[in-house]
Amino acid sequence: MEITSNFIKTIMEEDLKSGKVDTIVTRFPPEPNAYLHIGHARAIITNFELAKHFGGKTNLRFDDTNPVKEDSSFVEAIKKDIEWLGYKPANILFGSDYFEASYELAIKLINKGLAYVCDLTADEMREYRGTLTSPGKESPYRYRSIEENLRMFEEMKNGKYKDGEKTLRAKIDMSSPNINMRDPVIYRIIHIEHHNTGNKWCIYPMYDFAHPLQDAFEGVTHSLCSLEYDDHRILYDWFVEKCETEHVPHQYEFGRLNITNTIMSKRYLKQLVDEKLVKGYDDPRMPTLAGLRRRGYTKESIVNFILSTGLSRVNSTVSSEMLENSLRDDLNNKVKRINAVIDPIKVVITNYPEDKIEWLEVEYNNDNPDLGSRKIAFGRNLYIEREDFLEEKPNKKWKRLSLGIEVRLMYAYFIKCNEVIYNEDGTIKELLCTYDERTKSGSGFDERKPNGNIHFVEASTALPAKINLFEPLLLDSDSKKELFSRMNPNSWATFSGFVEPSLKNTYSLERFQFIRKGYFATDYDSTENNLIFNRIVELKSSYN
RNA sequence: UGGGCUAUGGCCAAGUGGUUAAGGCAUCGGACUUUGACUCCGAGAUCGGUAGUUCAAAUCUACCUAGCCCAGCCA
């Protein structure tokens with residue numbers, strides 16, 4: 001799938017055409033403080049695909065300028081996710097690689113009279129900043145001499161001051177209607193070990209200062225970020241201009257991607273994990289890339305999904321059906337179609353010999369002969385899906401089994417249900433049916449039509465399997481309600497079912513279509529003697 | 001009440017003054033079908049509102065309305 005037309009692609013085309021840039025350089029800059037989720041996939045895919053489209057390059061840069069939140073475990077998880085999506089960064093870099101360089105540029109700003117050391121406390125600074133509708137007022141420390149600023153900034157760096165005691169601020173405009181321009185802090189003191197630079201530094205640059213400089217150092221031409229940074233762009237440009245970097249990068253903002261019924265907030269995702277409401281960041285119900293991967297989503301389905309949603313300057317919420325469709329679309333002709341019964345009910349073919357098993361040759365995928373074929377078993381004892389039987393045919397649309405009704409067992413015979421045997425508690429124990437030998441699949445029998453076609457497995461040869469079915473974690477998307485009250489108690493359901501014997505040697509993350517039931521993937525923990533399958537998505541259905 | 005951004009069918013989204021306003025998802029018809037799947041046909045918007053400019057406007061202008069973002073020593 002090719003990246004569709006969007007405003008950033010258009011800007012790049014124009015910049016290339018006008019000679020403003022001669023190659024496209026982008027970057028994906030995650031902060032290593034969380035797992036990536038499907039929302040991040042838009043940023044990743046946009047940056048990489050755009051650069052790829054124009055023959056440019058994309059860096060992965062960990063934005064690690066705040067050591068209190070960051071951790072190298074996230075660095076590894078993020079690298080893995082990006083690699084999984086199929087992208088190779090031109091360079092893997094860290095914001096912390098540039099601490100020395102940005103320190104030098106901070107000194108440059110001080111020397112130009114454009115930055116000063118401020119002694120205001122956080123509370124005081126908030127007061128001085130003013131409000132959305134009223135201008136701020138200048139810090140009493142705003143006009144310190146350059147010499148004093150230089151000395152104090154060096155003292156900050158050398159660890160003379162405690163956290164919060166002093167900051168370095170850009171001297172811009174305390175009455176700007178854009179609050180970001182009201183002398184933003186560009187360096188703060190944090191005495192804590194940094195995952196990458198250890199204890200070398202105790203002052204750390206703020207995002208607004210560090211980011212444009214990093215982009216400049218790397219020769220990034222188009223620095224893409226989300227909409228909320230729109231009113232930081234003026235600051236971005238200010239730092240680039242005042243620091244007089246050799247390369248001049250530009251920032252462009254696009255809308256975030258949300259998905260219906262999906263939690264996309266870092267905080268909530270963390271809460272789900274911390275409170276053990278899920279089994280970790282890679283729980284198959286999680287919208288993290290690790291979770292989607294474990295669930296069985298293919299990278300192609302993720303990339304195609306993102307590309308098909310397009311890109312604009314609107315924060316959009318697309319339907320989760322679109323993601324699901326993307327997976328079905330990808331797997332439809334790619335995977336084997338398997339007989340599996342998730343919620344079994346026993347069927348006895350009373351007119352079929354006790355110890356006879358027939359093996360019927362069936363293609364794995366009618367739409368893709370390259371996938372080959374296997375033999376499926378038919379015998380006296382079978383399992384069918386519980387929901388495929390209703391004692392009395394409820395209406396004329398019912399295309400499954402009922403008492404006195406005949407259906408085809410796919411790729412085998414017509415069977416007719418004659419009697420229902422119940423357990424003591426009134427539940428169904430088994431169905432007594434008869435088959436018609438003349439209706440064998442492929443025989444061309446056409447004297448009568450069955451009431452429908454259902455799938456089955458033969459009991460003595462089928463393999464038992466744990467089958468997990470998922471529903472959304474949240475019952476509704478009313479984000480005003482507390483997270484707990486929105487949890488779906490049925491988000492994870494495990495069934496003891498049976499699959500056809502060809503799945504004996506399945507491997508982790510092998511994908512299948514279980515006929516009429518959906519797309520499934522073999523779980524990480526599945527073994528030959530303990531098969532586990534996860535449903536990725538259901539098949540579409542016009543029956544409900 | 002300050003600043004910024006946005007507004008095209010149910011959900012995304014092309015479109016940059018002249019085409020019957022692309023496409024995908026969803027929906028609803030219909031065909032096909034040994035998956036109520038797939039596939040194939042078909043159906044549906046005059047572009048937030050109003051007023052202008054123009055031979056011609058979703059595209060330009062003005063005003064209005066609605067939504068989102070911003071007052072971290074987070075990113």
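Sequence lines set the chain letters: A, B, ... in the order given, protein chains first and strands last, and positions in each chain run from 1.
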Separation of C12(B) atom C1' from Leu307(A) atom CG, nearest Å, is 13 Å
Please classify the nucleic acid contact of Arg408(A) as base, sugar-phosphate, or nothing, using heavy-atom distances under 4.0 Å. base
Assess the side chains of His53(A) and Glu2(A): does a donor N or O sit below 3.5 Å from an acceptor N or O? yes
Phosphate OP1/OP2 of G3(B): any Ser176(A) side-chain N/O under 4.0 Å: no
Sort me out a list of protein N/O and nucleotides 63-69 of chain B N/O pairs below 3.5 Å, or just none if empty.
none

In whole Å, measure the gap between the C1' atoms of G10(B) and A43(B) for me. 15 Å
Taking the six-membered ring for Trp, are the ring centroids of Phe378(A) and Tyr411(A) within less than 6.0 Å of each other? no
Find the distance Phe456(A):CZ to U35(B):P and express it as a whole number of Å. 14 Å
Can you list everything that forms a ring-ring contact (aromatic ring centres under 6.0 Å, His included) with His250(A)? Sequence neighbours excluded, please. none
Hey, what are the protein-to-nucleotides 19-30 of chain B N/O distances that come in under 3.5 Å?
{"residue": "A26(B)", "atom": "OP2", "partner": "Lys540(A)", "partner atom": "NZ", "Å": "3.4"}

Quantified in whole Å, what is the P atom distance between nucleotide C11(B) and nucleotide U27(B)? 15 Å
Looking at every strand, decide which applies to Lys166(A) at a 4.0 Å heavy-atom threshold: base, sugar-phosphate, or nothing. nothing
Counterpart residues, ring-ring contact (aromatic ring centres under 6.0 Å, His included), relative to His455(A) (two or more places apart): none
Taking Watson-Crick (N1-N3 plus N6-O4 or O6-N4) and G-U wobble (N1-O2, O6-N3), each under 3.5 Å, can you produce the dot-bracket string of RNA chain B? Use [ ] for crossing pairs and | for inter-strand ones. .(((((((.[[[..)..(....]]].(((((.......)))))....[[[[[..)....]]]]])))))).....
Can you find a donor-acceptor N/O pair under 3.5 angstrom joining the side chain of Arg400(A) to the base of G36(B)? yes
Holding to salt bridge (charged side-chain N to carboxylate O under 4.0 Å, His left out), I want the full list of residues that pass it with Glu500(A), two or more places apart in sequence or in another chain. Arg374(A)
